[in-house]
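What follows is a set of notes on a single structure, which appears directly below.
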2 protein chains.
Amino acid sequence: MGGLMRRPTIMDIARAAGVSKGAVSYALNGRPGVSQETRERILAIAHDLGWAPSSTARALSPGGRVGAFGLVIDRPARFLGVEPFFMQLVSGIEAELAATDTDLLLQVTDDRKAEAGVYRRWFAERRVDGVIIVDLRVDDPRVALVEEMPLPAVVLGGPQGGGSLSCLYTDDASSVREVVHYLAALGHRRVVRVAGPDEFVHTRDRTRAFEAAAAEAGLPGAVTVHADYTGESGARTTRRLLARADRPTALVYDNDLMAVAGLGVAREMGVDVPGQLSIVAWDDSVLCRLVHPALTAVARDVVAGGREVARMLAEAVQGKSVGSRETVRGELQPRGSTGPLTG
Amino acid sequence: MGGLMRRPTIMDIARAAGVSKGAVSYALNGRPGVSQETRERILAIAHDLGWAPSSTARALSPGGRVGAFGLVIDRPARFLGVEPFFMQLVSGIEAELAATDTDLLLQVTDDRKAEAGVYRRWFAERRVDGVIIVDLRVDDPRVALVEEMPLPAVVLGGPQGGGSLSCLYTDDASSVREVVHYLAALGHRRVVRVAGPDEFVHTRDRTRAFEAAAAEAGLPGAVTVHADYTGESGARTTRRLLARADRPTALVYDNDLMAVAGLGVAREMGVDVPGQLSIVAWDDSVLCRLVHPALTAVARDVVAGGREVARMLAEAVQGKSVGSRETVRGELQPRGSTGPLTG
DNA sequence: CATCGCCGCTTAACCGGTTCAGTATTCGAG
DNA sequence: CTCGAATACTGAACCGGTTAAGCGGCGATG
């Protein structure tokens, strides 16, 4: 079996079938212009030869697609590794892409300038048909950039700040409200939220919702403090909060990683969870169920979100007008880390 | 600024410079055939126009590179998300690739047949210049597959089972020995290793080394049990082991995720760590430092490994003979989860 | 002074597809 | 029987690069 054989081209098929290149192209793409009989003969030969279209040649034709989407993740390597969110997102995207013969180009960068550079390069070199934008920031320059090129794009987040781009967004506000009322009902009065950086659109949305819900539930002491999603920052922040005289009785974290770190700190400081402190995580992953007590969390279906965003981008690339869509909101998953104060 | 402008081509540059396409190509690629003066003029125009080579066109030329490497990860979505190893690996690979204008195609699949299909498709469609193979299995069919096509490839693992492919491997055996002797020195006699699936080459290597080291250290009760890297399986296995009458006093896990799960189980069962049970994790990530007590772990520099494997593949793609290389072995990082038995 | 060889460039072919314009053949309608 | 149109194809251009071959002009060499 010819391992070293040249990849077959449509010209090889044409010769074998005794027809022209063009006829083969029509046959293989299911377009009119060849008889049923010839079409079948060509398809059979293509199959026998193990032919597959050269993605590069196909992309070169006017109007041709490259068959790849791009995703840039802008987080330093060492804490990216533990963030379950992204891998789940990638899994979801690829589950959808697998059916459409599209590949995913993943790029992990350290800083935002580099990130913009990647989009520019992907566009200029014609590497991707479209990109997915995550971690939308306030006044995000990437939005203007892809709008200008223009490069088809879908934003996971928004819809505020997404400009003219299609967004796939969640109603975080109502999840926040659910969490706040849940904690209030358990008797908590001093609730602190350990959030991600303020520059992210979703962080601000949640902060606004958190303040509104706290006012609604009569929790005057509810405040938001900012960390950076890393376990280290979660631990540091928690340590500071628990050392205060009027230490909070409930902490709401913006991701699961900081919540796990917070739990470790509480244990280290001898603060009983949930007896003296309740902990809620945002983004439910295996992590929340591994630790003891298991963490109460706001569970979102990230994989499904990945699928949906990939589907939207596929439509956008085909020139369809996609618009923005809302995905299912996070559900509060009560577990052992929350409860009424005891003693 | 022309957002809607067509991407500039070398033909545009040629017209602006008043020379032919070929001259522009020579100039842009730093090859002889144009005068220094013309070369500089062409480069200036290219820069002004914001030109970048079309990767698809370039790849189409005989001998042309696509400018992309492929990586297939074969783990179901839900526990992939939490496995820090892969994201760190990806970060390392991309850190190296960034300099060479090469992109990474990432594919996450659910089963092995699909994985082989991805390699086949990538080759047939000419999507990648080479691939990185991870999670090498015993009699791995992927090795024969890429050898036959042939598709340049580098194996992360081996070198046994890597066939004629270049491998980047670690001396796991000596790390295993270090762990075993460390535990023996602490006074442990009943040491159990919770390993990954037996089908992985590195699992078998470690198992063999574990048995040898245990014999050497005089630990007759040292055995290996198999789990599947997920937190669930780690928890289940730990629960079973700790329920035994002659329960082990030390557990060595093949990844950090199972170790964290094991710690949670111990806590849940009222087994004090490290007073009654010592825990060692393989692969050190933030996870190990988040929990309390922090986990003693065998720390490997996965990011550096990613860089190295990318570098090797780049050389292999250029036709250089690469050979196999050894990367730095894991270092035991003692932390709070290990110690002598108390009471 | 004729010749050789190199420099600097142009021309054209090629990579592997897609697609448009044109052509020969068949078929139905008038 | 003739005309028009649909059918089934062919030939060639095109996408945006790379590269081998060719070619005029110039300087060095014999």
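Letters go in sequence order (proteins before strands), and every chain restarts at 1. When reading the values below, keep in mind they use all heavy atoms of this one structure, side chains included, and skip hydrogens, waters and symmetry mates.
Within the nucleic acid shown, A/S25 comes within 4.0 Å of at least one base atom, counting heavy atoms only. No contact: A/R126 has no heavy atom under 4.0 Å from any strand.
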| request: Sugar-phosphate atoms are those with a prime plus P, OP1 and OP2; base atoms are the rest. Using that split, label each nucleotide of nucleotides 5-10 of chain D B, S or - for protein heavy atoms under 4.0 Å, 5' to 3'. | output: ---SBB
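Salt bridge B/R142/B/D140: present, at least one basic N to carboxylate O contact under 4.0 Å. Between B/E199 and B/R112, at least one side-chain nitrogen of the basic residue sits less than 4.0 Å from a carboxylate oxygen of the acidic one, meeting the salt-bridge criterion. Of the charged side-chain nitrogens involved, at least one lies within less than 4.0 Å of a carboxylate oxygen, so that A/E96 and A/R307 count as a salt-bridged pair.
Across C/dG17, D/dG17, D/dG16, the shortest atom-to-atom separation from the side chain of B/W51 is found for D/dG17. Nearest nucleotide to the side chain of B/T9, out of D/dT19, C/dG17, D/dG16: D/dG16.
Between the side chains of B/E308 and B/T327, no donor-acceptor pair is found at a separation under 3.5 Å. Under 3.5 Å, the side chains of A/W122 and B/D103 contain a donor-acceptor pair of N or O atoms.
A donor-acceptor pair is defined here as one N or O able to donate and one able to accept, closer than 3.5 Å; such a pair exists between the side chain of B/R65 and the backbone of B/V317.
Here the C1' atom of nucleotide C/dC9 and the CD1 atom of B/I13 are 17 Å apart, to the nearest Å. Following rounding to the nearest Å, B/L60 (CG) and C/dG17 (C1') show an atom-to-atom distance of 8 Å. B/M11 has its CE atom 15 Å from the C1' atom of D/dA13, to the nearest Å. D/dC15 atom P lies 14 Å from atom CZ of B/R7, rounded to whole Å. Distance, B/R15 CZ to C/dC9 C1': 18 Å, rounded to whole Å. The CD1 atom of B/I42 sits 12 Å away from the P atom of D/dT18 (whole-angstrom rounding). Put simply, CG on B/N29 is 9 Å from C1' on D/dG17, counting in whole angstrom units. In this structure, the CD1 atom of B/I10 is 16 Å from the P atom of C/dC9, given to the nearest Å.
Taking the ring centre of B/Y26 as origin, the terminal cationic atom of B/R39 falls outside the region bounded by 6.0 Å and 45° from the ring axis.
Between B/R58 and D/dG16, a side-chain N or O to OP1/OP2 separation shorter than 4.0 Å is absent.
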